[in-house]
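We name chains A, B, ... by the order of the sequence lines, and we start the count at 1 in each one.
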Amino acid sequence: MSQLLKISLPDGSVREMPVGSTPADVAAAIGPGLAKAALAARIDGELRDLTRPFDGDCTLALVTAKDEADALDLARHDFAHVLAEAVQALFPGTQITFGPSTDDGFYYDFAPAERPFTDEDLPAIEAQMRGIIAANKPLRREEWSRAQLISRWQQQGESFKAEWAAELPDAETLTVYWSGDDWLDMCRGPHLPATGKLDPNAFKLTRVSGAYWRGDQNNAMLSRIYGTGWLNKKQLEEHLHRLEEAAKRDHRKLGGEMDLFHLQQEAHGSVFWHPKGYMIWRELEAYMRRAIDGAGYREVKTPQIMDARQWEQSGHWGKYRENMFVIPDEVPNVDDEGPVISGEADWMALKPMNCPAHVLIFRQGIKSYRDLPLRIYENGCCHRNEPHGALHGLMRVRQFTQDDAHIFCREDQIVDEVQAFCALADRIYQDFGFTYAIKLALRPEKRFGSEEMWDQSETELREAVVKAGLATEHYGWEELPGEGAFYAPKLEWHLTDAIGRTWQVGTIQSDRVLPERLDAGYVAEDGGKHRPVMLHRAIFGSYERFIGILIEHYAGKLPVWLAPVQAVVATIVSDADDYARDVTEQLKAAGIRVETDLRNEKINYKVREHSLQKVPHLLVVGKREAEEGTVAIRTLGEERQRFMPLAEAIAMLKGEATPPDLR
RNA sequence: GCCGCUUUAGCUCAGUCGGUAGAGCACAUCAUUCGUAAUGAUGGGGUCACAGGUUCGAAUCCUGUAAGCGGCACCA
C-alpha cells in the first residue's frame, strides 16, 4: 500500500501527495496558473528542479519569476547550457568545459576544434540559441555513476569533462541534465523544466575572450563566450542602458574630454598629468596632508632608487624581481661604438614600494619605547613593471604614488592603532560620499613567518575591527582565506561608488616579518632590545587610481572643492568685458579657481561648452549684470539660473570650494 | 605574459574590387554683439602605428613588432 507524503506549503497548509510525485504535481494540483508560472522549487530551503520527485516529507516553496534572485540565477545557468548546446551544434568538435551564471548573465568556456571564437560568430550562435529555446526542449535530470560519466565523455572526445568527472568529490551525487534527447551536460543543477521557460529576447552574447582551464595559466587557453541574461526583454534593455551610462563615466574618456591627463605609447603605463588633472591631485594631496598631520603622522621623502641588495634583504627581490625596474649603477659609455653599458656594474632598482626605506629611517639612531608609535608617512612614488595585459587607464599603472604610511609600534599598541586607522579611513571615505565594506584577508599559501605569528596578527586585526564596531553585516564584514600578503594579513576597504560598483582601495597590514628581516629594533622599558610591529597602511591606495575612481564616481562632475576650474565668468556682449574682468579678479582674490570667457560667441555656445567641461558654476554677465553689480549663476546639472549680487555669489562659491574637512 | 579584436587629421570615424586619402567636430582668419547646451563663410592640417614582404602599383593582401581595447592570469 502506498504511503502519502506530507508536503508543507508556505501558507501553513499541508498537502498529501503520493510517493514519486514532484513539485510540479503540487503546482498543478493548486492551479493551472501556478503550474505554468512555476520555475523551480525550494525543498526544505534547497533549490531543486520542479520535476525532481520528493525524497520524503518536506516543506515546499514554489519558485516563480517573482522570486527574482532565484529565477535569474536559474535562467542564467540555463542560458549557459543553451549556449553550449548551440555552439556544439554550429561548431562540431568543440569541447565543452564549464559555464556558470554571473552577476549579470553567464559564460561558457570552450575548447574550440579549429580556431578561437570571434565577435563575428556571436550572431549565428544567438540565432541557434533562440532555436533551442523555441524548441522548448525539456531539461531532465539523471543520476549517473562516475564510471558512466567518464566513459561517456571519453567516447565523445570531451577530455576536459572527463578530467573533471574523474576529480569530482566522492561524496557528491553526480548528475547530468538532458536537453531533449540529443544533448547533455554534466551539471549539479538545478534547472528550469524546459528551455522554453527562457525568454528568447532576454539575453545577448556580449563578448569573447580567452580564459585558462581551471583558472591556471599553466593550463590550456580556452575560448570563453560571455552573455548577459535576464527574465524579460525589459530587464535586458535596462541592463544595456546601465552599461551605456557606465561607459559615459569611463575615466579614460572623461580624462581626455576634460583635459585632465593623457597616456601615450612612449611611457605606457605612466601618466602625463595635465594642469587640470594635476589640480585634483594637489587638492587631494593637501587634504591628505591635513588628515595625517592631524592624526599624528610625520611626513618623509625617500630615495627613488636603491641598491638591489636592499630588496634582496626585504624578500621582494626573490618574489617580485620580474616586476621591478632594474638599472645598472653606471654611467653609459660615451662612445658611439660599443655597448652602452659594461654589464659589470652593481644593480639598483626603482623602488616598487616604500616600506624598506621607512625601516631605514626608523633604524637611524636608537629608538626607545617612548618613541612608539612612530607613524611615518610618504607620498611615495613607486614603479612596478606590471604585466602588460594588466594596464588599464589610471586604475593599473606602472608608476604610481601611494599615500603610504608605516606605523612602528609595540605589540600592545596594535589594536589601538588599527582602530584609530579605521576611524580615520571612515571619516575620509565619507568626505567623498563612499560607503564601504571591510574584509580581512588571511594568510596565503606561500608566506614568511610562523603559524603563531599569523594567528596573533589575524586575531589583532579582527579584534580592532570588532572594537571599532565595523565587524557587522552593514560593513560587509567578511574573512577571505588565502588572500593576505606574503608577510602579513590585511584589512581591506572596498568602496561602493555612485553606481554600485566596488573598488578595493584602503588597507592596513600587521607585519612582524619585515622588521625582523630588516632588523628594526627599539629599547623597551626593561632595557632590552625588542622588535616593533610594522603596520602598513594606505587610504587612497594610489593617487592615480583614486582620482580615476573619483572621476567615475562623480561622472566627471567633481565637487567644487576638487573641480580644477570652479567657475567660469562668461560674457553675453563685449560691453560686459570690463565687468567680467572685475568679477574674475574678485573671485580670484577670494581663492576661487576661475576662468574668464570673453570670446565672441553666443551664450548658448558658452553654456554648452563649459557644461561639457563639467565646470560647476557658470557666472553669466551681460549689460544688466554689469549695471546692477550682479551675476546670473547657472550651476552644472540645473537648467535654472539664479541672479544674485556679486558679494553673495562670492560667499556661496567660497563655501562650496572649502574642502569638507575645513568646513 | 595568454586569447581575441583594433590602430587613417588634435578628437570621433568613413574609405567598395589593390590604382598614393574624406566627413563632422576642433583649430586659424573674416563677418556677426547675440540672454542660458553648437551663428555663418573661408582656410590650414595626414610617411594611413612601426618594420619587412608580395605587386607595375599597398591605407587596403601577407609576416613581424609595438601600443590600445575586451577578457584570463597577475596585483608586494
Side-chain angles (χ1 to χ4, degrees), chain A residues 107 109 112 115-121 206-226 250 252-253 256-257 259 262-269 311 314-324 351-356 382 384-393 395-397 400 402 404 444 448 483-488 490 504 507 509 511 513-514 536 541 545 570-577 598-613 618-625 632-636 638-641 643:
Chain A
Y107 66 78
D109 286 348
R115 56 165 180 86
F117 301 113
T118 72
D119 290 332
E120 281 153 26
D121 298 323
T206 48
R207 53 184 179 258
V208 296
S209 91
Y212 298 106
W213 167 236
R214 297 182 151 195
D216 185 337
Q217 62 175 327
N218 298 311
N219 289 342
M221 173 63 67
L222 305 173
S223 186
R224 175 175 295 180
I225 298 179
Y226 281 96
D250 188 306
R252 295 165 299 184
K253 180 173 176 285
E257 288 172 1
D259 193 19
H262 85 271
L263 297 156
Q264 70 180 63
Q265 194 163 343
E266 285 70 11
H268 71 104
W311 304 108
S314 68
H316 293 96
W317 188 257
K319 198 165 173 7
Y320 293 110
R321 185 176 44 197
E322 64 185 28
N323 294 319
M324 288 170 67
K351 69 174 170 183
M353 46 164 12
N354 308 298
C355 331
C382 298
R384 294 180 188 172
N385 198 348
E386 302 285 8
H388 288 194
L391 299 177
H392 179 93
M395 300 304 187
R396 190 85 179 269
V397 286
F400 54 93
Q402 298 174 316
D404 198 9
F448 290 165
E483 299 280 313
F486 73 89
Y487 51 80
K490 320 190 244 194
Q504 202 246 293
T507 185
Q509 307 161 7
D511 176 13
V513 170
L514 268 187
H536 307 247
R545 185 153 177 276
T571 51
I572 295 170
V573 291
S574 53
D575 287 348
D577 285 1
L598 306 181
R599 289 176 304 172
N600 176 11
E601 295 289 353
K602 289 189 169 179
I603 194 62
N604 280 330
Y605 181 87
K606 295 186 183 182
V607 167
R608 176 181 157 81
E609 189 158 275
H610 299 299
S611 297
L612 289 173
Q613 283 294 305
L618 187 62
L619 277 54
V620 177
V621 296
K623 272 187 195 149
R624 201 190 309 156
E625 287 75 13
I633 297 191
R634 179 171 168 134
T635 297
L636 186 63
E638 293 176 18
E639 284 177 23
R640 226 162 33 83
Q641 51 181 329
F643 295 90

Query raised in the report: Expressed in whole Å, how much space separates the P atoms belonging to B:rC48 and B:rU20?
Result: 14 Å

Query raised in the report: If only side-chain N and O atoms of A:R640 are considered, is one of them under 4.0 Å from the OP1 or OP2 phosphate oxygen of B:rU36?
Result: no

Report task. Just say parallel, tilted or perpendicular for the rings of A:H268 and A:H388, cut-offs at 30° and 60°. Result -> perpendicular

Query raised in the report: In the strands shown, is B:rU39 matched to any nucleotide by a Watson-Crick or G-U wobble pair with both distances under 3.5 Å, and which?
Result: B:rA31

**Report entry** Quiz item: A:E322 side-chain donor-acceptor pair to B:rG1 base, under 3.5 Å
**Finding:** no

Query - Atom-pair distance (CG on A:N604; P on B:rU36), nearest Å - result: 6 Å

Report task. Determine the Euclidean distance between corresponding C1' atoms of B:rU8 and B:rC50; express it in Å to zero decimal places. Result -> 14 Å

Query - P gap between B:rC5 and B:rG10, integer Å - result: 28 Å

Query raised in the report: So, does the side chain of A:R396 form a donor-acceptor pair with the base of B:rC74 at under 3.5 Å?
Result: yes

Report task. Rounded to whole angstrom, note down the C1' distance from B:rU7 over to B:rA49. Result -> 6 Å

Report task. Identify whether the distance between the nearest side-chain nitrogen and carboxylate oxygen of A:R214 and A:D216 falls below 4.0 Å. Result -> no

Report task. Examine B:rA26: is either OP1 or OP2 under 4.0 Å from a nitrogen or oxygen in the side chain of A:Y605? Give yes or no. Result -> yes

Report, one pair per line, the protein and nucleotides 41-43 of chain B atoms (nitrogen or oxygen only) whose separation is under 3.5 Å.
none

Query raised in the report: Is there a donor and acceptor pair, one atom on the side chain of A:R321 and one on the base of B:rA76, closer than 3.5 Å?
Result: no

Requested in this report: Rounded to whole angstrom, note down the C1' distance from B:rA58 over to B:rG1.
Outcome: 33 Å

Report task. Please measure how far the C1' atom in B:rU16 lies from the corresponding atom in B:rA26, and state the result in whole Å. Result -> 29 Å

Query raised in the report: Residues two or more places apart in sequence or in another chain: which of them pass salt bridge (charged side-chain N to carboxylate O under 4.0 Å, His left out) with A:R545?
Result: none

Query raised in the report: Reckon A:G256 touches a base, only the sugar-phosphate, or nothing at all at heavy-atom distances under 4.0 Å?
Result: nothing

Query raised in the report: For B:rA66, does OP1 or OP2 lie under 4.0 Å from any side-chain N or O of A:H388?
Result: no

**Report entry** Aromatic-base stack, A:F486 on B:rA76, cutoff 5.5 Å, angle under 30
**Finding:** no

Query raised in the report: Counting only side-chain N and O atoms of A:H316, is one of them less than 4.0 Å from OP1 or OP2 of B:rA76?
Result: no

Query - Value rounded to 0.5 Å, distance of CD1 in A:I572 from CD1 in A:I603 - result: 5.0 Å

Report task. Please confirm whether the backbone N or O of A:F117 pairs with a side-chain atom of A:S223, one donor and one acceptor, at under 3.5 Å? Result -> yes

Requested in this report: Answer yes or no: does a side-chain N or O of A:K490 lie under 4.0 Å from OP1 or OP2 of B:rA76?
Outcome: yes

Query raised in the report: Expressed in whole Å, how much space separates the C1' atoms belonging to B:rG18 and B:rG57?
Result: 8 Å

Report task. Return no unless some side-chain N or O of A:R252 is found under 4.0 Å from OP1 or OP2 of B:rC69. Result -> yes

Report task. Using the six-membered ring wherever Trp is involved, compare the ring planes of A:H536 and A:Y487 and label them parallel, tilted or perpendicular (cut-offs 30° and 60°). Result -> tilted

Query raised in the report: With a 3.5 Å cut-off and just heavy-atom distances, do the side chain of A:Y212 and the base of B:rG1 make a donor-acceptor pair?
Result: yes

Query raised in the report: Which value, in whole Å, describes the distance between the P atoms of nucleotides B:rC3 and B:rC25?
Result: 43 Å

Requested in this report: Would you indicate, yes or no, if B:rC5 has its OP1 or OP2 atom less than 4.0 angstrom from a side-chain nitrogen or oxygen of A:R115?
Outcome: no

Report task. Nearest whole angstrom, please: distance from the P of B:rG35 to the CG of A:D575. Result -> 13 Å

**Report entry** Watson-Crick/G-U partner (both atom distances under 3.5 Å) of B:rC11
**Finding:** B:rG24

